[in-house]
2 protein chains.
Amino acid sequence: MSAEDTFTSSFAFQVGKLGQFATDRFAERVAPLGLRPRHCGVLGVLRAGQPAQLDLASALGVSNSVVVNMLDELEELGAVRRVRETEDRRRQRVELTALGRTLARKATRLAHELDRDLLASLDDAQTATLRDAFRALAKEHGLPGG
Amino acid sequence: MSAEDTFTSSFAFQVGKLGQFATDRFAERVAPLGLRPRHCGVLGVLRAGQPAQLDLASALGVSNSVVVNMLDELEELGAVRRVRETEDRRRQRVELTALGRTLARKATRLAHELDRDLLASLDDAQTATLRDAFRALAKEHGLPGG
DNA sequence: TATTGTTATACTCTATAACTATA
DNA sequence: TATAGTTATAGAGTATAACAATA
């Protein structure tokens with residue numbers, strides 16, 4: 001049995017494991033901010049605009065009820081604000097507060113610090129290739145959140 | 001705000017998303033075999049030996065009760081067999097059946113087919129760099145299952 | 001007493017569907 | 001009727017702790 005005949009040597013398996021690992025490490029680092037990883041996705045989207053809740057759900061690739069729950073938590077934390085629209089009172093714009101902007105900035109910094117730690121053992125060329133490849137793959141496969 | 005100042009541009013975020021995506025696609029492909037991704041990790045370890053259940057848990061990086069549950073399912077499927085050891089009757093060796101070996105082989109083939117589909121848009125040099133980098137990262141960070 | 005494995009329980013994350021209010 | 005959002009519920013996956021059998 002050659003090394004390539006093992007399940008665990010597949011890219012699919014390894015990217016799954018590394019993805020879980022990276023998410024777990026990120027969770028540890030943002031926990032002191034009162035955030036979990038999924039909250040950071042929300043804050044990221046809200047930095048770019050003030051979508052309605054359903055728009056947020058499709059941008060993040062999660063269900064509506066998950067968005068409601070995350071916004072409840074972020075609102076309690078004081079990071080976001082729901083604003084009822086006057087033209088159509090069913091809709092609510094979601095916007096960042098000043099605290100939310102600060103948290104988004106901090107979470108972004110933590111993510112990039114984690115990147116440095118995760119990729120510390122690779123040389124610059126490898127790192128550059130990896131980043132390019134991941135942008136291409138995210139686009140290729142239509143992954144949400146990016 | 002530059003592209004590098006966004007949370008979603010971080011490697012940590014992107015590898016998390018791609019890992020989830022790869023795992024979901026793999027789940028779809030092994031479902032017809034009656035397997036879920038975590039079962040394939042078990043089968044992979046069992047190809048290399050016949051560990052006791054606790055050894056299996058640490059090899060996979062999951063809790064003991066999860067191993068019990070997975071083995072129940074794999075045993076019902078006829079893929080593995082628990083063999084009580086005579087020297088120490090608390091322990092049970094876990095071994096693959098003939099069906100289990102066949103399933104392990106099929107799952108491995110599906111994983112590598114998925115690799116080809118996932119990485120189809122990358123050129124050979126990028127793919128090689130990616131594979132090398134992932135082996136290095138898995139080792140560096142002590143990820144289980146490899 | 002310590003260890004192997006099992007069971008009970010609980011927690012997180014997620015989706016679906018029933019519901020409320022507005023349109 | 002249809003849509004935005006909410007709530008209720010259920011399922012997958014995980015871990016911890018209490019437990020049984022054996023050492």
Side-chain angles (χ1 to χ4, degrees), chain A residues 16-17 19-24 26-28 30-31 34-42 46 50-76 80-95 143-145, chain B residues 13 16-17 19-28 30-31 34-42 46 50-76 80-95 143-145:
Chain A
K17 279 291 178 188
Q20 190 61 56
F21 179 78
T23 301
D24 289 348
F26 186 64
E28 292 170 356
V30 294
L35 299 174
R36 275 166 292 158
R38 62 188 200 152
H39 297 131
C40 299
V42 176
L46 294 181
Q50 298 171 1
Q53 292 188 199
L54 292 182
D55 300 331
L56 199 45
S58 59
L60 293 166
V62 297
S63 75
N64 192 10
S65 58
V66 169
V67 169
V68 171
N69 180 246
M70 290 193 292
L71 291 179
D72 287 348
E73 293 168 341
L74 286 169
E75 209 166 32
E76 179 159 13
V80 308
R81 194 186 294 127
R82 284 165 160 121
V83 182
R84 184 72 63 179
E85 295 210 11
T86 48
E87 320 90 72
D88 182 345
R89 293 190 43 74
R90 292 173 302 183
R91 312 182 110 243
Q92 305 189 73
R93 262 185 307 114
V94 184
E95 57 186 37
L143 302 190
Chain B
F13 174 83
K17 281 292 179 188
Q20 190 60 57
F21 178 79
T23 301
D24 290 347
R25 296 295 80 71
F26 186 65
E28 291 169 358
V30 294
L35 300 174
R36 275 165 294 157
R38 60 188 203 153
H39 296 133
C40 299
V42 175
L46 294 182
Q50 299 172 1
Q53 293 189 198
L54 292 182
D55 300 332
L56 199 45
S58 59
L60 294 167
V62 298
S63 75
N64 191 12
S65 57
V66 168
V67 169
V68 171
N69 179 244
M70 290 192 293
L71 291 179
D72 288 348
E73 293 168 341
L74 286 169
E75 210 167 32
E76 180 159 11
V80 309
R81 194 185 296 125
R82 284 161 160 122
V83 182
R84 184 73 62 182
E85 297 211 9
T86 48
E87 322 89 70
D88 181 346
R89 293 190 41 75
R90 291 173 303 182
R91 312 183 109 240
Q92 304 189 74
R93 262 185 308 113
V94 184
E95 58 185 37
L143 301 189

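The chains referred to below are lettered A, B, ... by the order of the sequence lines, with proteins before strands, and numbering in each begins at 1.
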Is any N or O donor-acceptor pair between the side chain of Ser65(A) and the base of dT16(C) shorter than 3.5 Å?
yes

In whole Å, what is the span from the CD atom of Gln20(B) to the C1' atom of dT12(C)?
13 Å

From the list Glu73(B), Glu95(B), Glu75(B), side-chain contact (heavy atoms from CB on, under 4.5 Å) with Val80(B) holds only for Glu75(B)

Taking for each residue the nucleotide of DNA chain C with the nearest heavy atom, is it Val62(A) or Asp88(A) whose nucleotide lies nearer the 5' end?
Val62(A)

Between CG of Asn64(A) and C1' of dA2(D) the distance, given in whole Å, is 15 Å

Would you sort out whether Asp72(B) and Arg82(B) count as a salt bridge (Lys or Arg N to Asp or Glu O under 4.0 Å), showing the intermediate values?
CA-CA 10 Å; Asp72(B) 288 348; Arg82(B) 284 161 160 122; 2.9 Å; yes

Assert: residue with more 5' nearest nucleotide on DNA chain C, out of Glu85(A) and Arg93(B), is Arg93(B)

With a 4.0 Å limit, can you tell me whether Arg36(B) has a side-chain N or O closer than that to the phosphate oxygens OP1/OP2 of dT14(D)?
no

Candidate nucleotides dT14(C), dG5(C), dA4(D), ranked by approach to the side chain of Leu54(B) - the nearest:
dG5(C)

Starting from P on dT22(C), measure out to CD on Glu87(A) and report it in whole angstrom.
15 Å

Test side-chain contact (heavy atoms from CB on, under 4.5 Å) on Met70(B) and Leu60(B); report intermediate values, then the result.
CA-CA 12 Å; Met70(B) 290 192 293; Leu60(B) 294 167; 4.1 Å; yes

For atom CZ of Arg84(B) and atom P of dA23(D), their distance in whole Å:
9 Å

Using the side-chain heavy atoms of Arg89(B), tell me which of these nucleotides is nearest: dT7(D), dA23(D), dA15(D).
dA23(D)

I'd like to know if the side chain of Arg84(B) reaches the main chain of Arg89(B), judged simply by a donor and an acceptor atom lying under 3.5 Å from each other, with no hydrogens or angles considered.
yes

OP1 or OP2 of dT6(D) under 4.0 Å from side-chain N/O of Gln92(A):
yes

Can you see if the side chain of Arg38(A) gets near the phosphate of dT12(C) - specifically, an N or O under 4.0 Å from OP1 or OP2?
no

Here the distance between atom P of dA20(D) and atom CZ of Arg91(B), to the nearest Å, is 22 Å

Nucleotide dC13(C), atom P - distance to CG of Leu60(A) in whole Å:
15 Å

Using atom CZ of Arg90(A) as one end and atom C1' of dA2(D) as the other, report the distance to the nearest whole Å.
7 Å

Using the side-chain contact (heavy atoms from CB on, under 4.5 Å) rule, pick out the option among Asp55(A), Val83(A), Thr86(A) that qualifies with Arg91(A).
Asp55(A)

Calculate the interatomic distance between Glu73(B) atom CD and dT6(C) atom C1'; express it in whole Å.
15 Å

